[in-house]
A.B. asks: 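Sending over a structure as structure tokens; questions will come in a sec.
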Amino acid sequence: MSHIKIDKNKCKSCYLCVDVCPNKLIQKSNCLGKTGEFVVEFKDKDSKCTACAQCAMMCPDIAIVEVVKE
Amino acid sequence: MQIFSTPKSIKKDSSFSFCPGCDHGIAVKLVAQIIDEMNLQDKTIAIASSGCSVTLYNFLDVDCIESPHGRACAVATGVKRAHKANGKEMFVFTYQGDGDFASIGLSESLHSALRGENITAICINNTNYGMTGGQLGPTTVLGQITTTSPMGRNIEYHGFPIKTAEHVALCEGSAFSARVALYDIKNIINAKKQIKKAFECQLKGYGFSFVEILSNCPTNWKLSPLDSHKKIENELSKIYPIKVFKDITND
Ligand SMILES: Cc1ncc(C[n+]2csc(CCOP(=O)(O)OP(=O)(O)O)c2C)c(N)n1
């Protein structure tokens with residue numbers, strides 16, 4: 001199953017990845033990050049992630065540390 | 001299969017000092033990826049400048065020198081020439097803001113281009129002085145409100161903004177000059193391609209290569225990261241066209 005790995009300590013809650021994901025698999029979580037805002041989380045119940053890596057290309061803080069295609 | 005992982009030339013456990021959603025982070029990431037891909041990590045000397053990217057050496061894992069405000073191209077010239085005199089060919093690039101490159105450092109920047117100095121300059125154009133709190137900079141567009149132009153930039157008082165990439169292209173010593181943006185994936189891919197070309201120009205010894213990166217500044221523009229990207233797409237990219245202005249490798 002293709003997936004991404006998010007480093008919660010690096011996420012600054014800019015939400016650019018939320019907008020860029022073509023399948024809307026990234027969303028706000030209910031976990032507060034270091035900027036005092038909710039960090040993002042990856043939810044892919046139906047295995048829709050294609051490992052296109054657009055989120056990793058867009059993330060300005062390299063908080064999406066890994067994209068794996070399987 | 002691993003499609004993406006943190007670039008090797010980004011220091012382990014470091015995190016960027018930029019504001020949330022700032023394009024500086026995307027630009028540094030692209031530079032790190034290209035250094036990895038071109039296998040340049042051991043022979044690179046990066047020249048950091050004053051501005052938001054002042055602590056570049058904290059996250060970029062290459063040799064780095066901090067230059068006084070505006071003097072990055074002058075420092076790069078010295079570094080490049082001194083190594084050459086010792087028989088070592090180093091890869092030298094500067095990473096600067098627009099205030100650094102085109103305001104206080106305009107003279108050393110343009111003269112490096114005119115001399116055809118074999119270095120690469122990367123300039124982040126966020127249309128203000130980001131680090132010091134969003135003052136009017138040389139690239140602030142007409143009508144734009146900043147802390148030192150509360151009524152907006154006007155022609156009578158402040159004059160016109162500078163189009164850096166076009167000016168560098170006019171210098172006979174420059175080999176490559178392009179403007180890129182980072183507001184969507186298509187532009188990020190293009191930006192990576194152009195930065196790579198600029199780096200190749202230096203490796204082949206063609207002369208001064210320059211990439212201006214049209215960036216956002218969510219904090220000082222007082223917009224969300226997403227809205228600031230929309231502003232670049234809809235307004236700024238019309239004023240600052242995204243284009244390759246000079247590429248002698250094509251001729
Ligand atoms: C000689 C000198 N003058 C002024 C300053 C104050 N200063 C520090 S950063 C900066 C502006 C940098 O703006 P820019 O180059 O556009 O980079 P950005 O922060 O927007 O990335 C200024 C004026 C300084 N450090 N040194």
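Just so it is clear: chains get the letters A, B, ... in the order the sequence lines come, proteins before strands, and each one is counted from 1.
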A.B. asks: Tell me which of these, B/His229, B/Lys29, B/Gln33, has more heavy-atom pairs under 4.5 Å with chain A than the rest.
C.D. replies: B/Lys29
A.B. asks: At a heavy-atom separation under 4.5 Å, does A/Val20 approach chain B through its side chain, its backbone, both, or neither?
C.D. replies: side chain
A.B. asks: Quick check on the interface: out of A/Ala53, A/Cys14, A/Cys52, A/Ala51, who has the most heavy-atom pairs with chain B under 4.5 Å?
C.D. replies: A/Cys14
A.B. asks: Please say which of B/Gln194, B/Lys193, B/Lys186 ends up in a side-chain hydrogen bond (donor to acceptor under 3.5 Å, both in side chains) with B/Asn190.
C.D. replies: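 Going through the options one by one, the only one that passes is B/Gln194.
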A.B. asks: Given that the side chain runs from C-beta out, which part of B/Ile189 has a heavy atom under 4.5 Å from chain A: side chain, backbone, both or neither?
C.D. replies: side chain
A.B. asks: Examine the side chains of B/Gln41 and B/Thr44 and answer whether a donor and an acceptor come within less than 3.5 Å of each other.
C.D. replies: no
A.B. asks: Which residue out of A/Ser2, A/Cys11, A/Cys59 racks up the most heavy-atom pairs below 4.5 Å with chain B?
C.D. replies: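 Looking at each option in turn, the highest pair count goes to A/Cys59.
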A.B. asks: Side chain, backbone, both or neither: which part of B/Ser17 has a heavy atom under 4.5 Å from chain A?
C.D. replies: backbone
A.B. asks: If every non-hydrogen atom of B/Ala165 is compared with every non-hydrogen atom of B/Ala178, which pair is closest and at what distance?
C.D. replies: CB-O, 4.0 Å
A.B. asks: Against chain B, label A/Asp19 side chain, backbone, both or neither, depending on which of its atoms sit under 4.5 Å from a heavy atom there.
C.D. replies: side chain
A.B. asks: Is B/Ile188 close to chain A through its backbone or its side chain, or both, or neither, when contacts mean heavy atoms under 4.5 Å?
C.D. replies: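 Just its side chain gets close to chain A.
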A.B. asks: Report which part of B/Ser215 has an atom under 4.5 Å of a heavy atom belonging to chain A: side chain, backbone, both, or neither.
C.D. replies: neither
A.B. asks: Can you tell me which portion of B/Pro7 sits under 4.5 Å from chain A's heavy atoms? Options are side chain, backbone, both or neither.
C.D. replies: side chain
A.B. asks: Is it the side chain or the backbone of A/Ile64 that comes within 4.5 Å of chain B heavy atoms, both, or neither?
C.D. replies: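 Contact with chain B is through the backbone of A/Ile64 alone.
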A.B. asks: Please tell me whether B/Phe91 and B/Phe199 form a close aromatic pair, meaning their ring centres lie under 6.0 Å apart.
C.D. replies: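 B/Phe91 vs B/Phe199: aromatic centres under 6.0 Å.
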A.B. asks: Report which part of A/Lys69 has an atom under 4.5 Å of a heavy atom belonging to chain B: side chain, backbone, both, or neither.
C.D. replies: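 Both parts, backbone and side chain.
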A.B. asks: Between A/Glu37, A/Lys5, A/Glu66, which has the largest tally of heavy atom pairs under 4.5 Å with chain B?
C.D. replies: A/Glu66
A.B. asks: Does B/Phe101 have its ring centroid less than 6.0 Å away from the ring centroid of B/Phe210?
C.D. replies: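 Centroid distance B/Phe101-B/Phe210: below 6.0 Å, so yes.
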A.B. asks: Testing B/Thr147, B/Thr127, B/Asn128 one by one against B/Asn220 for a side-chain contact (heavy atoms from CB on, under 4.5 Å), which residue passes?
C.D. replies: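 Answer after filtering B/Thr147, B/Thr127, B/Asn128: B/Asn128.
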A.B. asks: Is the ring pair B/Phe18/B/His24 parallel, tilted or perpendicular, if the boundaries are 30 and 60 degrees?
C.D. replies: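 Rings of B/Phe18 and B/His24: parallel, under 30°.
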A.B. asks: Output the distance between atom CD1 (B/Ile119) and atom OG1 (B/Thr94), rounded to the nearest 0.5 Å.
C.D. replies: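 OG1 of B/Thr94 is found 6.0 Å from CD1 of B/Ile119.
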A.B. asks: Work out which heavy atom in B/Ala32 is nearest to a heavy atom in B/Ser9; give both atom names and the distance.
C.D. replies: O-OG, 3.0 Å
